[in-house]
Amino acid sequence: VERRRAGETEPERQRIACEVVVNCAGMWAREEGRRAGVSVPLQAAEHFYVVTEPMEGVSADTPVMRDPDGWTYYREWSGRLIPGG
């Protein structure tokens, strides 16, 4: 990383020159970025959700509802409602 830009990567001790590096490390992306000298502003968090039985009136066009104060959301999945947070 030079001037916050990728120049090469070194997987398995083999250098590969590149213009872009995509960090696909999922919940470990922050740590992998830190090891490369890049700040990745993400933090993994434990997540819980429930899947209901199919519900009448719940369809693919049901909007996602979010409650930022309660750190929860409600969304449709295959005719079911998924509350999570």
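Values below: every heavy atom of this structure, side chains too, minus hydrogens, waters and symmetry copies.
- Counting only residues at least two apart or in different chains, side-chain hydrogen bond (donor to acceptor under 3.5 Å, both in side chains) contacts with residues 65-85 comprise His47-Tyr73.
- In this structure, the salt bridge (Lys or Arg N to Asp or Glu O under 4.0 Å) partners of Arg34, at least two apart in sequence or on a different chain, are Glu31.
- Annotation: salt bridge (Lys or Arg N to Asp or Glu O under 4.0 Å) contacts involving residues 45-59, sequence neighbours excluded, are absent.
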What pairs of donor and acceptor atoms, side-chain ones from residues 20-27 against any protein atom, are under 3.5 angstrom apart with sequence neighbours left out?
{"residue": "Asn23", "atom": "OD1", "partner": "Ala25", "partner atom": "N", "Å": "3.0"}
{"residue": "Asn23", "atom": "ND2", "partner": "Ala29", "partner atom": "O", "Å": "3.0"}

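- Cluster note: Leu42 groups with Val40 through ILVMFWY side-chain heavy atoms spaced under 4.5 Å, whether in direct contact or through intervening members.
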